[in-house]
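The structure appears below as structure tokens.
Below, read A as the first sequence line, B as the second, and so on, with proteins coming before strands; counting in each chain starts at 1.
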Amino acid sequence: MKNEGETTERPDNTAFTQQRLPAWQPILSAGIVIPGFVVIGLAFIGIGIGLFLTSQTIQVLEMDYTGVEKDSPCFRCTIPSLQNCTCEVTFSLSALFTGPVFFYYGLSNYYQNFRKYGVSKDYYQLAGDTQYFKSPQDVCSPYSHDSKKNPIVPCGAIANSMFNDTFELYQIINVTKKKVPLDGKGISWWTDYNIKYRNPSSVNGSFASAFDGTVKPINWPKAAYELDLTDPNNNGFLNQDFLVWMRRAALPQFRKLYRRITEGDYAAGLPAGNYALTVHYNYPVLSFDGRKKVVFSNVSWMGGKNDFLGIAYLVVGSLCLVMSVVMLIVYAKFKFSDDNDA
Amino acid sequence: MSFFGLDCTRKKEKEVERKIRANDREYNSSFKYATNSIKTSKYNPFTFLPLNLFEQFQRIANAYFLFLLILQVIPAISSLSWFTTVVPLVLVLSVTAAKDAIDDINRHRSDRKVNNRKVNVLISGKLISEKWMNVQVGDIIKLENNQFVTADLLLLSSSEPLNLVYIETAELDGETNLKVKQALTVTGDMGDNLEALAAFNGEVYCEPPNNRLDRFTGTLTFGTQKYSLDNERVLLRGCTLRNTDWCFGLVLFAGPETKLMQNCGKSTFKRTSIDRLMNVLVLFIFGLLALMCIILAVGNGIWENHAGSKFNAFLPRKENTAFSAFLTFWSYIIILNTVVPISLYVSMEVIRLGNSYYINWDRNMYHARTDTPAEARTTTLNEELGQIKYIFSDKTGTLTQNIMTFNKCSINGKSYGDVIDHYSGQRLEITEEMTPVDFSFNRLADPKFFFYDHSLVEAIKLELPDVHAFFRLLALCHTAMAEEKKEGDLVYQAQSPDEGALVTAARNFGFVFCSRSPETVTIEEMGIQRSYELLAILDFNNVRKRMSVIVRNPEGKLSLYCKGADTIIYERLHPSCSELMKVTTEHLNEFAGEGLRTLVLAYKDLDEEYFSEWKQRHHESSVALEDREENLEKLYEEIEKDMMLIGATAIEDKLQDGVAQTIEQLAKAEIKIWVLTGDKQETAENIGYSCNLLREEMNDVFIVAANSPEEVRQEMRDARLKMCPATEQDKFLIPEVILGNTPKVVLDENVNGDYGLVINGHSLAYALESNMELEFLRTACMCKTVICCRVTPLQKAQVVELVKKYKKAVTLAIGDGANDVSMIKAAHIGVGISGQEGMQAVLSSDFSFAQFRFLQRLLLVHGRWSYLRMCKFLRYFFYKNFTFTFVHFWYAFFCGFSAQTVYDEGFITLYNLVYTALPVLGMSLFDQDVNAGWSLEYPQLYVPGQLSQYFSKRAFMMCALHSCYSSLVLFFVPYAATYDTVRDDGKDSADYQSFALITQTCLTVTVCVQLGLDLSYWTVVNHLFVWGSLGMFFILTFTMYTDGLFQLRPSSFAFIGTARNCLNQPNVWLTVALTAILCVLPVVAYRFFYSQISPTINDKVRYKVRQMKEPAPRPRRTRLTRRSTRRSGYAFSHAHGYGDLVTSGRFLRRHAPARSLGLIPTGRSPGFKPTGRSAGYSPVGREQNPKQKVEPTSLQMFRAVKDSSF
């Protein structure tokens, strides 16, 4: 419809309305694509070599202690009725295991990423909101209340299933066992420890009173406020092992940091020699064909040992180079010129 | 925004008969007739929200998301928070609602504008200016000249003698010639006597509201008398009063009950072929979704049976396996819902709207003379413009301007009209800059007439007898009427524009036709007034193809002047003219070759004795009851022989600017153009030649003009046999075979050589019968050019429907008049030529602009870009959503099929809305492979669109496969890269949140890079969008993972700290780089190889552009001069009948001309008869009887003849 009163309907002459905006118009010409592939290929091979070599320098020691096999040291602990079973796994190092050494426990066939498992926790509770102590959120079900309708704190499947094997490491020097100090501080994320999880404030000066009216998770031997009685900063929801466990894994096979070996004689690493690992075997995994293992590893700038990235970079880089050669051949054979009937 | 687009379906209880009493509002209001206000808007402020929401949820996509929302609030199923669906849904709904609201506001505005027009209404004896909307049935209103008719009126009286009014029906039927309506004498006698009118208490009983434009029945009871009323007494809303000072009318139907409004019809909602493809694809996607969910549900069942049941120690579950699988199915329906992208439809709308605005904004489609920009009236069909295969064009007003100009002539063997360069002797192209001939010596000259060859005027001034005879003939031998409005300002009313052009030419060259009476013709010859006695008019008809007049000049000499078709006249020339004939023939060929319409002029001196004897016989024959026609024919034949040739005229049916070039361009783009015109065969053919549709070099031009179905079939078979002799034999059988199986698509057949087909309406009626339509279609499609002449509007639509039915092709119809409305509505795309009077075509069109030549820009530039952009958009959109979704599918195998999402819920919500929305929108609004100049330079670029090459089921499958690959990379590379690895400080990095962040970062970067690869036109906006979106991803990710937001709502922002802890890791970035490269490089390689091994036309042109740096200057196309050797240029849009009227005074005494007069056409186009097939040129009916054609025009003569007889 034309509006009366306007003298002219002539559209504006702007680059935008006339679709004449200046623009960069790249095209996939041989002059760009082939050198591009070469450059990317070379760069990838370079990075790949770096990654691969770095990965090779990382030392990893992995030991399955589930005790499935009859001759394994922890076989006897696999009987479910047995309480407080302890077993010892020995190993020897032929060379220095360069420090700092990280001590992980690993689980496999364990679905921490199962959706209903993953949602089964109460963020408000874990942020120290005592209101939710009395009535945990429904998502925690069936671990929100015990059979007597008492609220569980911390509620939910994740907390309930917290890993509770403990380890002690000894170096065996001439029959005597020298305990290797394990550092359990600072093994969780800074944000988890400082922001995401908060203990409830003490009631009448007693931390435990804050948990009045609640019960511990069903599988737990002791309540949350008793996780580490020696160090108030490592107790309750701020217990490092608890925090590590609560950060659930993405895949059904995972490892979690247990301790760091950074102190005393072992600051530079684990010297060559024989070692004994004492395992307080509590955590049942055999019912679901799970496996438990301990891992000692050191790290580099690229993190833990992972050969995949290096190899992938090398393969992709080489493919790029091969492809650029093929392209060159194709280009030489077919190159369509401008003088034909465009 | 059409104010005719209202819903006409609203009905109260059925009205059987309408009773109206004039000037009695009370009585009339008891029937609750509609008032004159119209309402085309859909909503009001209160009904907007519920109605609009109701409408929107009728769309399957929106309903689907509502369903998802319901699923999501069921706790057992809910795998995602409700806000992941609500946020996009609300956004989509509000964008659509906003668009609907704006549309409706515009409709309200146009309603208001129409409703508030003013008209004079007679209320209690006084004329009061009222708004249209307040006019009621039974009111008497006064219309003045050039006013729109307010409502359907019974004409009461008028300012003109005999109670006539002249109306223009352009808005109703697109015809610009005037129609006549006449009031009853009994009402007409009231004149403009307000007292009489106010006292008028006639009662009208008439038919209920209906949409028949050409029919009206009713009676008027006034006093004691009853008068019957028909269509001739009625003025319809939509007409305009012309040449009539005033008239009074009684409102019969008002507002929505007027015939115009009843006739508006439900304009069918057009969808593009992409839309239709999308519907199929969406179904396919639903199938894919169901399949994936079933696989995952089964997987869940198996997993529960094996691993899951044992995992109960840490995660007890109550459900049994089957129920768990069932719930999993629905949970995955929620998670994988992103394969049906919610924002897809709304984005498509936005893109189409944007591209429509480009059409509105294009200065190259703006016509300065009429101040008309192009307008995309339907904003949902843009990409269809890039796929047109067939164009159906009207002729008059579309290809031509409907202006005839006297262009050249040949007098006594000398050709005039060309401008010859003095030095080179070459003919020059006539341009605006040349000085036209100065006609100032002639005070009666028409200033609008231009002629460039000065030698003709010199010849006139030299008083060469042949030249004088030539123009004297033109001034005498015609049936035009002259009217001298002011002193020296002559206006000719000619029955056809050709004749007008000839008489005007004679006028300018000094032989001015001044006036006529039944017995005389007065002309001014070089300033001297002379009166010729008109003794006989041997009128024109289609068989005779000539007309003659017999006059006695003031000196008493008898002459016969004749003009007509070359072939006809040549047979009747005196043998002594043979020399002259040869030269003239050469000239005629030359004229015909230039596409001019030619007539040959001849004269003959008669001797008195013979003539009086002939006259006697003529009189006897014309009063005889038997064989009158034949006898007259013989008499004419007898006297029109042994004539002396004078010369020939050449009239140019002026084409719109640039028509020939446009047609050439469109032909290069492999678009087939069919001309469907109501004109005569000769004129249509002529235009075919002049605008390059038909060419002399064509192997053959078949003309199908037969009178029986068998002949038509035979002619078409002959044509096919000629075009394709080798394989024709077995093909005869095909139609029958196919007919049994109701064919879907008729494939194109290869033909050697170029052929043209001209078929007339009569034959077309047979050809469109169901048993012959395939034969016709095949024949027509084998020809390069098809011209259908003398077709009715209905046939136009039928032809379009036929092509739509059997050809898998997109059609476009372009026209300017109401007779084109049916085909404009029938075709996939309707284009109206705007800027002229008669808006009906424009109002029912999807796109409108002022000139035919803009069509090439609309299709080759806007259409192509729109299609390209839409296809790129769809390909990319599916890619990004599939890739996004499939990752969940792979993850299912590693999370116990538990419907665990890979990504953070915030990311899921924002992915389509924020992170990837703008770059792809930017691409679909700005992308262009080559600029407009090159698009026009290489019309071949248009071809891929016709073949739907850019987006098809195949392309969709490729997208899905590509996505599948990308999603595998996007899942497994992060999987492998984080598997059992840790951060550089030894802490975990394989936790779920980190993995989610890594994957979503990889995904966002990958789809951005992929977009960058697809984007071939990086404007500032694109840079801003691409980099901005990428930046936005990181900004929002970091923001959502901050401490503050977590403390605000811990459960929603549980990913606190993940970004900080994860994105500082070098191997995370190496993973991102690796995935992006792995996803994109194969695509680059594929495209490179593809463009090298079989480069597309786009590749070639882009490569060429790259080398040229700037567009090459477009070659100036000069009009080729063609030499014709076999074609007659005769074409004369003239109908039989004026001659009788001019010579007989009889009809002055006829009070009312017989039968309906309103909407029967004159020469220009057949009337709009919106009834069934039989309404057209049915093979059985005898509607082509030329006699019937006489009547409408005869009425226009009333005044002229009456004046001249004073």
Does a side-chain heavy-atom distance below 4.5 Å link [X] with [Y]?
| X | Y | value |
| --- | --- | --- |
| B/Val982 | A/Leu257 | no |
| A/Phe37 | B/Val1084 | yes |
| B/Asp984 | A/Trp301 | no |
| B/Asp980 | A/Val295 | no |
| A/Val316 | B/Ile1077 | yes |
| A/Tyr111 | B/Trp303 | yes |
| A/Asn113 | B/Tyr891 | yes |
| B/Thr372 | A/Glu9 | no |

What's the shortest heavy-atom distance between [X] and [Y], and which atoms?
| X | Y | result |
| --- | --- | --- |
| A/Leu21 | B/Phe926 | CD1-CE2, 3.6 Å |
| A/Pro26 | B/Ser1016 | CD-O, 4.0 Å |
| B/Phe1089 | A/Val330 | CE2-CG2, 3.6 Å |
| B/Gly896 | A/Phe114 | O-CE1, 3.5 Å |
| B/Ala1085 | A/Met323 | CB-CG, 4.3 Å |
| A/Phe44 | B/Ala1073 | CZ-O, 4.4 Å |

Any donor and acceptor pair, going by atom type alone, linking the side chain of [X] with main-chain N or O of [Y] inside 3.5 Å?
| X | Y | answer |
| --- | --- | --- |
| B/Gln928 | A/Gln19 | yes |
| B/Lys987 | A/Ile187 | no |
| A/Arg115 | B/Ser898 | yes |
| B/Asn1067 | A/Met302 | yes |
| A/Asn306 | B/Ala977 | yes |
| A/Tyr104 | B/Gly986 | yes |

If I measure from the heavy atoms of chain B, does [X] come under 4.5 Å with its side chain, its backbone, both, or neither?
| X | value |
| --- | --- |
| A/Ser188 | backbone |
| A/Ile58 | neither |
| A/Asn219 | side chain |
| A/Pro22 | backbone |
| A/Leu319 | neither |
| A/Phe16 | both |
| A/Lys305 | backbone |
| A/Tyr110 | both |
| A/Tyr258 | neither |
| A/Ile47 | side chain |
| A/Arg198 | neither |
| A/Ser300 | backbone |
| A/Ile218 | neither |
| A/Asn13 | both |

Which one wins on heavy-atom pair count under 4.5 Å against chain A: [options]?
| options | value |
| --- | --- |
| B/Pro1066, B/Ala374, B/Ala368, B/Ala976 | B/Ala976 |
| B/Tyr975, B/Phe995, B/Phe897 | B/Tyr975 |
| B/Thr978, B/Asn1022, B/Leu1081 | B/Leu1081 |
| B/Asn360, B/Val1020, B/Val973, B/Asn364 | B/Val973 |
| B/Pro75, B/Gly1057, B/Ser989, B/Ser994 | B/Gly1057 |

Quick one: [atom1] on [X] to [atom2] on [Y], what's the gap to the nearest 0.5 Å?
| X | Y | atom1 | atom2 | answer |
| --- | --- | --- | --- | --- |
| B/Phe1053 | A/Lys196 | CZ | NZ | 13.5 Å |
| B/Tyr1103 | A/Ile27 | OH | CD1 | 7.5 Å |
| A/Tyr313 | B/Leu1074 | OH | CG | 5.0 Å |
| B/Thr1019 | A/Trp24 | OG1 | CH2 | 12.5 Å |
| A/Trp189 | B/Gln993 | CH2 | CD | 6.5 Å |
| B/Gln900 | A/Lys116 | CD | NZ | 12.0 Å |

Inset, instruction - Heavy-atom distances under 4.5 Å only: say whether B/Leu1070 touches chain A with side chain, backbone, both or neither. - result: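 Backbone plus side chain of B/Leu1070, per the 4.5 Å heavy-atom cut-off to chain A.
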Inset, instruction - Could you look at B/Phe1046 and say if it's the side chain, the backbone, both or neither that has a heavy atom under 4.5 Å from chain A? - result: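 Answer is side chain: those atoms of B/Phe1046 sit under 4.5 Å from chain A.
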Inset, instruction - Please determine, by modelled atom types, if A/Thr191 and B/Asp1043 share a side-chain donor-acceptor pair under 3.5 angstrom. - result: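 The criterion, which ignores hydrogens and geometry beyond distance, is not satisfied for B/Asp1043 and A/Thr191.
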Inset, instruction - Answer with yes or no whether the side chains of B/Arg363 and A/Gln18 bring together a donor and an acceptor at under 3.5 Å. - result: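 There is no such pair between these side chains.
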Inset, instruction - Give a yes or no on whether B/Tyr1090 atom OH has more than 12 heavy-atom contacts from other residues, nucleotides or ligands under 6.0 Å away. - result: no
Legend entry - Heavy atoms of other groups near A/Arg20 CZ, more than 12 under 6.0 Å: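 Above 12, so yes.
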Inset, instruction - Please say whether the positively charged group of A/Arg10, taken as NZ for Lys or CZ for Arg, lies over the ring of B/Tyr366, i.e. under 6.0 angstrom from the six-membered ring centre and within 45 degrees of the axis. - result: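 Negative - A/Arg10 is either too far from the ring of B/Tyr366 or too far off its axis.
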